[in-house]
Trainee: 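Sharing a structure here in structure tokens format.
None of these values were measured; they are calculated from a predicted model.
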Amino acid sequence: MKGLTKLTAVSLAVAAALPMMANADVLISEYVEGSSNNKAIELYNNGDTAVDLTGYKLVRYKDGDTAALDMVELTDSIAAKSIKVILHPSAAITLPAGTDSMTGNLYFNGGDAVGLLKDGVLVDVIGDIPTPAGWGLDTTVQRNVDALTASTTYDAAQWVELEKDTFSGLGTLEAAEAPEPSTFTCNGATLTNIYDIQGAGDTSPLVASGSFESANEVTVKGIVSARSDSLYKGFFIQDAQGDGSPYTSDGIFVYLNEAAPDTIQPGTEVCVQGKVKEYYGSTQIDIKDEQKFEVGVVGDAPAAVEFYVADGETLAQALERVEGMKVKLDAGSDMKVTRTFSFDYSSYRNNMVLSHKAPLMKPTQVFEPNSAQAVALSEANLVNQLFVESDYKAKDGEVPYFPDFNAETGYIRVGDQLTNLEGVIGYSYSSYRLLATNTITAGDFIRVDDRTNAPTVADMGDIRVASFNVLNFFNDAVGGDANPSNSNRGALTEDEMVLQRTKIVNALVAMNADVVGLMEIANNGFGELSAIQNLVDALNAELTDEQAYRFVEIEDADKYDGKYIGSDAITVGMLYRPARISLNGAAQVIATPEQHATAGAQTRDKNGVVESSPSYSVFQRHSLVQSFTINDEKLTVVVNHLKSKGSGCIEDWAAFNENSEPADLQGKCNAFRVSAAKVLGDSLKDVDGDLLVIGDLNAYGKEDPVAVLTDYDASATDHVIRTASWTTLDGKVYERSGSVIEKGYGLINLNTQMHGADTYSYSYNGELGNLDHALGNASLAAKVVGIDDWHINSVESNLFEYGSKYTGDLVKSENAFSASDHDPVIIALSYPAPVVTPEPVDPVEPEKKSDGGSLGYFALMLLGALGLRRRS
């Protein structure tokens with residue numbers, strides 16, 4: 001546990017501000033942070049009498065925080081000169097017979113100091129406050145028997161660090177012995193070159209096929225290029241000369257399973273001895289057991305080599321050539337951001353993803369599901385990713401290698417080209433990772449598609465219609481009305497809600513649309529305390545009377561429970577400008593299918609084992625229809641928000657996709673969305689005039705729901721589209737078994753017609769695509785003069801969104817960027833005013849001459865020629 005006293009000065013300052021209890025008898029005597037839930041805290045009563053533990057509790061100081069979080073309220077008592085062990089309920093730890101113990105919610109991790117409080121006053125602590133990142137990770141720490149005095153400041157000299165999952169001392173008070181220092185030397189050993197270990201293939205030539213480690217140990221000498229005390233737990237070394245070949249790496253990772261000694265720093269010559277291992281795709285030298293290493297002279301760290309991808313090779317192949325080496329990304333590397341800095345569920349840390357030449361596209365955005373092209377693009381995307389990492393997990397709201405990360409000038413957008421970043425190349429969690437060794441500035445990002453203050457179509461056409469998913473805009477935080485499920489999916493505080501609303505309003509003002517379809521707005525009615533009224537009030541406060549909006553309200557007969565659009569917590573909505581466009585008739589609701597299957601409704605068979613399905617009750621939002629009149633023409637707008645891709649339907653269970661992405665890459669509940677598309681198509685096929693279907697269909701450009709609404713033809717493809725089984729509509733059975741779709745409903749995908757298939761409004765897991773669509777009938781399509789996915793959200797970091805839970809001290813901005821996670825789609829349409837044709841003028845006989853008669857005659861003729869003659 002190296003560097004434990006680096007924050008001693010800060011700790012003393014914090015401790016000085018804390019109330020203290022002197023001469024405490026109960027203290028912490030051992031700390032265990034092991035595998036999985038193997039967590040334990042041992043307490044010792046150093047006094048001569050038993051102590052009642054009422055009022056005592058264990059707390060943690062999470063990831064460098066100076067404020068404590070409660071863990072365990074202690075109970076019972078602890079005898080004089082005795083031990084009590086507190087274990088995590090799921091810990092696989094065996095204690096000596098007769099040990100006084102209890103279980104409790106021990107959820108500390110490496111990087112968390114643990115404190116013992118009595119009546120809210122700190123009595124004892126293990127770990128500095130604030131705690132260095134990674135402190136105490138995967139280790140056992142025992143207090144020296146000659147240092148059994150409680151203290152509110154941490155002195156590392158009083159503790160001894162032992163290996164991970166060391167439990168032998170729990171329940172007893174005995175002197176711990178620190179591991180003996182290494183006496184290994186390289187003198188007389190035969191050295192193996194790093195590049196000979198790496199070889200020119202994906203695995204080391206020293207590891208036999210079918211094995212994961214070399215038969216014998218190797219002795220290797222190199223210069224330390226980087227330490228990794230957290231992500232990989234070891235250090236990287238690089239051959240001082242290298243072999244000059246671009247096909248073999250000159251660097252390799254040395255695995256210690258713990259932080260390296262302080263003597264091992266970049267630039268230090270180190271000789272190590274251990275077996276070569278292929279650890280889940282990472283070539284490394286494993287010295288964790290005997291730690292055979294010898295530290296030599298200290299000099300300069302290896303210079304970073306400029307990284308490039310050669311013609312004909314994938315990014316993964318290029319990274320394999322430099323695995324373990326220190327590289328630099330420059331303009332020639334051509335590495336673009338494909339996922340901006342955000343949470344990675346594989347490694348459970350914040351990081352960023354780069355791809356070569358261009359951001360990755362979702363395969364089903366550009367190719368038909370299950371097609372050879374979609375499969376090929378999916379495979380190509382998997383080998384075109386480089387994760388950019390920091391060693392320790394980033395603190396909330398911070399990018400460790402980009403210290404000037406901010407919402408106004410220090411942003412990162414998908415598509416930006418990254419330059420001047422250096423780091424070592426490792427491999428973990430099935431991906432190549434660049435562990436950054438320097439920091440960069442905003443100037444190191446080449447903005448390929450920078451921010452714009454308004455969409456390109458904001459002033460085009462006669463009117464504009466927009467689709468905007470507003471990311472759970474709820475007004476509960478300011479006393480808004482309840483929704484049917486009485487749940488709040490949005491802002492938790494008034495400050496968050498006001499920030500969210502301000503960002504949405506700023507986006508709407510810049511969009512300058514005359515009709516706006518909204519998704520993910522709270523479904524809490526249309527009253528003064530509704531979310532839609534709250535939004536309209538704030539929006540109109542920024543506009544003139546001519547620009548002002550009203551919302552569309554459905555008929556009372558169509559309201560669920562007399563108030564709502566359907567029964568979900570969120571719904572769709574519609575705004576319009578009455579000075580620019582007029583309502584034509586009442587709004588309508590198109591109910592969408594529900595899926596209700598009882599347990600055992602279906603069975604599945606895998607390897608001869610037949611299983612019955614669990615029950616399913618799945619819903620999706622209803623659609624909103626409103627017709628308008630503009631310059632004597634009729635326009636019908638339909639706002640939609642179909643079932644999400646995240647949670648499953650019975651079809652996913654039947655295909656064993658409950659916990660995985662379906663093989664066709666269309667997400668979960670695809671057939672259920674197809675059912676909704678079928679209902680929409682049937683409901684709208686007889687609409688007269690222009691028809692525009694907008695909204696979040698939760699389906700990418702070539703996926704089944706979009707195909708059903710547009711140009712699908714079963715006779716022209718092998719791809720079969722089916723609706724969902726066990727569906728109801730308006731409380732009646734709709735389809736007990738899924739049906740096959742033969743023909744689409746003929747709407748035109750306006751975005752792809754104008755811009756091609758590779759448009760996007762959303763980014764997920766590093767891939768771009770359109771979930772937010774604009775589909776029109778032929779007459780509407782003929783009126784389109786422009787369409788724009790305004791990229792204010794999909795390519796931005798979600799850390800700039802309104803929520804503050806995971807953003808720490810990051811300063812937020814009221815600008816429109818990251819107002820949501822979906823880009824708004826704006827469609828400019830041509831509805832010119834009717835041209836008035838002058839009526840022919842009847843000849844006029846000259847009047848008899850009188851005062852001014854001739855002048856009156858010629859004036860009358862002139863007015864007639866201009867078409868301005870007054871008619872009676």
Side-chain angles (χ1 to χ4, degrees), residues 454-455 457-475 478 480-481 497-498 500-555 565 570-588 623-631 635-641 692 694-696 772 774 788 790 792 814 816 819-820 822-829 831:
V457 300
D459 296 310
M460 293 174 62
D462 297 301
I463 66 164
R464 288 156 300 280
V465 180
S467 169
F468 195 9
N469 182 315
V470 291
L471 185 59
N472 293 314
F473 179 71
F474 280 65
N475 63 331
V478 292
D481 284 337
M497 182 265 174
V498 171
Q500 181 188 20
R501 186 181 65 194
T502 302
K503 294 175 79 70
I504 292 170
V505 165
N506 287 337
L508 288 170
V509 169
M511 287 154 56
N512 192 29
D514 301 297
V515 179
V516 180
L518 301 173
M519 293 111 254
E520 290 197 22
I521 191 163
N523 188 19
N524 60 350
F526 302 92
E528 287 299 314
L529 296 179
S530 65
I532 198 165
Q533 183 69 68
N534 187 292
L535 179 60
V536 167
D537 288 345
L539 178 59
N540 287 344
E542 304 297 320
L543 301 170
T544 65
D545 290 345
E546 185 177 351
Q547 297 169 322
Y549 290 90
R550 293 179 187 169
F551 56 76
V552 170
E553 182 172 356
I554 61 175
E555 301 278 87
I565 301 179
I570 56 175
T571 188
V572 297
M574 201 181 311
L575 311 181
Y576 72 101
R577 284 173 164 165
R580 301 270 297 155
I581 193 167
S582 303
L583 298 180
N584 183 333
Q588 297 176 301
S623 298
L624 176 62
V625 183
Q626 177 65 62
S627 294
F628 297 93
T629 300
I630 172 72
N631 290 332
L635 166 65
T636 299
V637 178
V638 188
V639 186
N640 308 274
H641 188 191
L692 179 59
I694 60 175
D696 179 2
D772 307 86
D788 192 8
W790 187 26
I792 58 173
E814 293 182 349
S820 175
H822 291 246
D823 291 329
V825 182
I826 308 99
I827 309 101
L829 299 167
Y831 282 95

Trainee: How many angstroms lie between CE in Met574 and CD1 in Ile532, if you round to the nearest 0.5 Å?
Mentor: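 The distance works out to 9.5 Å.
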
Trainee: Over all heavy atoms of both residues, which pair between Asn640 and Ile694 is shortest? Give the atoms and the distance, please.
Mentor: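 So the minimum-distance heavy-atom pair works out to ND2-O, 2.9 Å.
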
Trainee: List for me each residue that meets ring-ring contact (aromatic ring centres under 6.0 Å, His included) alongside Phe526, sequence neighbours excluded, and say none if there are none.
Mentor: Phe551

Trainee: Decide yes or no on side-chain hydrogen bond (donor to acceptor under 3.5 Å, both in side chains) for Thr629 and Asn584, but give the supporting numbers first.
Mentor: CA-CA 6 Å; Thr629 300; Asn584 183 333; 3.1 Å; yes

Trainee: Please identify each residue that fulfils ring-ring contact (aromatic ring centres under 6.0 Å, His included) with Phe628, with sequence neighbours left out.
Mentor: Tyr576

Trainee: What distance separates Ile581 CD1 from Ile463 CD1, expressed to the nearest 0.5 Å?
Mentor: 4.0 Å

Trainee: How would you list, by chain and number, every residue that makes a side chain to side chain donor-acceptor pair (under 3.5 Å) with Gln626, sequence neighbours excluded?
Mentor: none

Trainee: Report the C-alpha separation of Ser820 and Lys503 in whole Å, then their side-chain angles, then the decisive distance to 0.1 Å, and conclude whether the side-chain contact (heavy atoms from CB on, under 4.5 Å) test is met.
Mentor: CA-CA 9 Å; Ser820 175; Lys503 294 175 79 70; over 6 Å; no

Trainee: Dump the intermediate steps for side-chain contact (heavy atoms from CB on, under 4.5 Å) on Asp459 and Asn512, then the final yes or no.
Mentor: CA-CA 7 Å; Asp459 296 310; Asn512 192 29; 3.5 Å; yes

Trainee: What is the minimum heavy-atom distance between Ser530 and Gly525, and which atoms define it?
Mentor: CB-O, 3.2 Å

Trainee: Tell me every residue that passes side chain to side chain donor-acceptor pair (under 3.5 Å) with Asp537, counting only those two or more places apart in sequence or in another chain.
Mentor: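 Asp537: side chain to side chain donor-acceptor pair (under 3.5 Å) contacts with Gln533.
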
Trainee: Ile570 versus Asn523: any side-chain heavy-atom pair under 4.5 Å?
Mentor: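 Result no, sub-4.5 Å side-chain heavy-atom pair not found.
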
Trainee: Any chance you could measure Met519, atom CE, to Asp696, atom CG, to the nearest 0.5 Å?
Mentor: 7.0 Å

Trainee: Tell me the closest heavy-atom pair linking Arg550 and Pro578, and the distance in Å.
Mentor: NE-CG, 3.7 Å

Trainee: Does Gln588 have any side chain to side chain donor-acceptor pair (under 3.5 Å) partners at least two apart in sequence or in another chain, and if so, which?
Mentor: none

Trainee: Restricting to non-hydrogen atoms, name the atom on Val572 and the atom on Ile565 that form the minimum distance, rounded to 0.1 Å.
Mentor: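 Shortest heavy-atom separation between Val572 and Ile565 comes out as O-CD1, 3.6 Å.
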
Trainee: List the residues meeting side chain to side chain contact (heavy atoms under 4.5 Å, CB included) with Leu539, not counting sequence neighbours, and say none if there are none.
Mentor: Val505, Leu508, Val509, Leu543, Tyr549, Leu575

Trainee: Using the test side chain to side chain contact (heavy atoms under 4.5 Å, CB included), find all partners of Ala531 that sit at least two apart in sequence or belong to another chain.
Mentor: Phe473, Asn475, Ile521, Ala522, Asn524

Trainee: Could you pull out all residues at least two apart from Asp481 that satisfy salt bridge (Lys or Arg N to Asp or Glu O under 4.0 Å)?
Mentor: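 Asp481 satisfies salt bridge (Lys or Arg N to Asp or Glu O under 4.0 Å) with Lys563 once adjacent residues are dropped.
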
Trainee: Does a side-chain heavy-atom distance below 4.5 Å link Val515 with Leu692?
Mentor: no

Trainee: Return each pair, listed once, that meets ring-ring contact (aromatic ring centres under 6.0 Å, His included) where at least one residue sits in residues 505-525; pairs must be two or more places apart or across chains.
Mentor: none

Trainee: Do the side chain of Gln547 and the main chain of Glu542 share a donor and acceptor less than 3.5 angstrom apart?
Mentor: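 Flag not set: sc Gln547 to bb Glu542 has no pair under 3.5 Å.
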
Trainee: Who are the side chain to side chain contact (heavy atoms under 4.5 Å, CB included) partners of Thr636, not counting sequence neighbours?
Mentor: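 So Thr636 forms a side chain to side chain contact (heavy atoms under 4.5 Å, CB included) with Val625, Ser627, Lys634, Val638, Val687, Leu691.
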
Trainee: What pair of heavy atoms forms the shortest contact from Ala816 to Trp790, and how long is it?
Mentor: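 Shortest heavy-atom separation between Ala816 and Trp790 comes out as CB-CH2, 4.5 Å.
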
Trainee: Could you tell me which non-hydrogen atom of Met497 sits nearest to which non-hydrogen atom of Phe474, and how far apart they are?
Mentor: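 Between these two residues, the closest heavy atoms are CG-O, 3.5 Å.
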
Trainee: Mind jotting down which residue pairs meet the salt bridge (Lys or Arg N to Asp or Glu O under 4.0 Å) criterion with at least one end in residues 512-530? Sequence neighbours excluded, please.
Mentor: Arg464-Asp514, Asp514-Arg577, Asp514-Arg580

Trainee: Asp823 side chain to Ile792 main-chain N or O, any donor-acceptor pair under 3.5 Å?
Mentor: yes

Trainee: So, using side chain to side chain donor-acceptor pair (under 3.5 Å) as the criterion, who are the partners of Asn534 when residues are at least two apart?
Mentor: Arg501

Trainee: Take Val465 and Leu829 through the test side-chain contact (heavy atoms from CB on, under 4.5 Å) and record every step on the way to the result.
Mentor: CA-CA 8 Å; Val465 180; Leu829 299 167; 4.1 Å; yes

